[in-house]
J.: 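Below is one structure. I have some questions about it.
Side chains are part of it too, since the values below use all heavy atoms of this structure and drop only hydrogens, waters and symmetry mates. If you're wondering where the values come from, they're calculated on a predicted model, not measured in any experiment. Lettering of chains follows the sequences in order, A, B, ..., and the numbering in each one begins at 1.
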Amino acid sequence: MMRQSKRKRVTSPAADENGRGRDAGAGQEATRGAKTRKNVTAPRGASDSRKAEYHCWLMKSEPESRMEKGVDMKFGIEDLKAQPNQVACWDGVRNYQARNFMRAMEVGQEGFFYHSNCKEPGIAGIIKIVKEAYPDHTQFDPKNPHYDASSKKDDPKWSMVDVQFVRMLKRYISLAELKKLHQKHKTTAGPLRNMALFTRARLSVQPLTQEEFDYILTLEDENVEQEEREGDD
DNA sequence: GCCAACGTTGGC
DNA sequence: GCCAACGTTGGC
């Protein structure tokens with residue numbers, strides 16, 4: 001019944017809106033309390049062998065209006081920019097893997113702001129984590145589309161982090177472009193060969209390796225035509 | 001609006 | 001703990 005996960009809706013971040021501060025139910029290890037169920041963190045496409053421990057992220061949000069239980073889910077990168085201090089809390093995630101990734105985030109880490117469920121999906125800009133995981137207050141609000149009646153105040157199920165706008169990408173990097181590269185890289189063992197955007201497409205909060213992150217940043221400076229000719233690189 | 005992929009639920 | 005039914009995500 002719960003929503004899957006993803007998207008965020010505003011709310012002022014403000015350092016302590018819950019007095020109790022992160023830690024309360026939030027926390028450290030993404031992996032640990034987790035084994036109770038099967039979900040959890042383990043990269044499932046991962047024969048990668050490498051324990052990774054991620055430092056870069058990709059977070060999906062919807063830039064176009066869509067009503068869910070009477071509430072507009074729209075929250076694009078322009079909306080983040082418009083927040084006080086250009087900071088917002090990433091509430092509404094209702095998927096264990098995505099939640100666990102948020103719990104693994106550390107202040108200062110960067111991520112991509114990805115536009116999903118829209119005309120042209122893709123990466124719009126860069127954000128950074130400015131507050132570690134703490135309880136997502138929307139889980140306790142019956143009027144919120146992401147209300148979770150099964151979550152107890154003294155043991156919150158869902159967490160969120162605060163993110164801050166860093167900058168727009170120099171050009172929008174579309175899903176289509178990334179997909180072409182991913183496909184190519186699968187055969188050439190290139191940097192995007194295992195990108196979670198494709199191997200775990202439905203995850204709304206996902207990790208990137210440093211290599212993936214850096215490679216995508218190099219695409220910013222490439223002109224698209226050159227890209228289209230492919231075969232280079 | 002369709003629907004494939006995949007996460008979740010609940011019966012057994 | 002398996003697995004079928006069901007619900008959601010999100011590209012197209």
J.: Side chain of A/Tyr96: nearest nucleotide among C/dG11, C/dG10, B/dT8?
T.: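 Of C/dG11, C/dG10, B/dT8, B/dT8 is nearest to the side chain of A/Tyr96.
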
J.: Atom NZ of A/Lys180 and atom P of C/dC12: how far apart are they, to the nearest Å?
T.: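 Result: 12 Å.
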
J.: Can you check the A/Met73 CE to C/dT9 C1' distance for me, whole Å?
T.: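 In whole Å, C/dT9 C1' and A/Met73 CE are 14 Å from each other.
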
J.: At under 4.0 Å, does any side-chain N or O of A/Lys119 touch on OP1 or OP2 of C/dG10?
T.: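 No, no such contact exists.
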
J.: With sequence neighbours excluded, tell me which residues meet ring-ring contact (aromatic ring centres under 6.0 Å, His included) with A/Tyr114.
T.: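 None.
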
J.: Given C/dG10, is OP1 or OP2 found less than 4.0 Å from the side-chain N or O atoms of A/Lys60?
T.: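 A/Lys60 to C/dG10 OP1/OP2: side-chain N or O found under 4.0 Å.
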
J.: Check for me whether the distance between the ring centres of A/Trp158 and A/Tyr134 falls short of 6.0 Å.
T.: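 Here the rings of A/Tyr134 and A/Trp158 have centres that are no less than 6.0 Å from each other.
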
J.: Detail all sub-3.5 Å separations between protein N/O atoms and N/O atoms belonging to nucleotides 1-4 of chain B.
T.:
none

J.: Could you list the residues that satisfy side chain to side chain contact (heavy atoms under 4.5 Å, CB included) with A/Thr218, not counting sequence neighbours?
T.: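 So A/Thr218 forms a side chain to side chain contact (heavy atoms under 4.5 Å, CB included) with A/Tyr215.
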
J.: Would you check if A/Met195 and A/Leu58 make a side-chain contact, meaning some heavy-atom pair closer than 4.5 Å?
T.: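 Yes - at least one pair of side-chain heavy atoms lies under 4.5 Å apart.
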
J.: Find the distance A/Lys157:NZ to B/dT9:P and express it as a whole number of Å.
T.: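 Rounded to the whole Å, the gap is 7 Å.
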
J.: Contact class for A/Tyr114 vs. all strands (heavy atom < 4.0 Å): base, sugar-phosphate, or nothing?
T.: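 A/Tyr114: backbone/sugar contact only, no base atoms under 4.0 Å.
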
J.: Assess whether side chain to side chain contact (heavy atoms under 4.5 Å, CB included) is satisfied between A/Thr199 and A/Arg193, documenting all intermediate values.
T.: CA-CA 9 Å; A/Thr199 60; A/Arg193 63 192 179 283; over 6 Å; no

J.: Please state how far atom CD in A/Glu68 lies from atom P in C/dG7, giving the value in whole angstrom units.
T.: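 Taking atom P of C/dG7 as the reference, CD of A/Glu68 is at 15 Å.
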
J.: Are side-chain N/O atoms of A/Arg94 and A/Thr138 paired as donor and acceptor at under 3.5 Å?
T.: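 Short answer, yes.
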
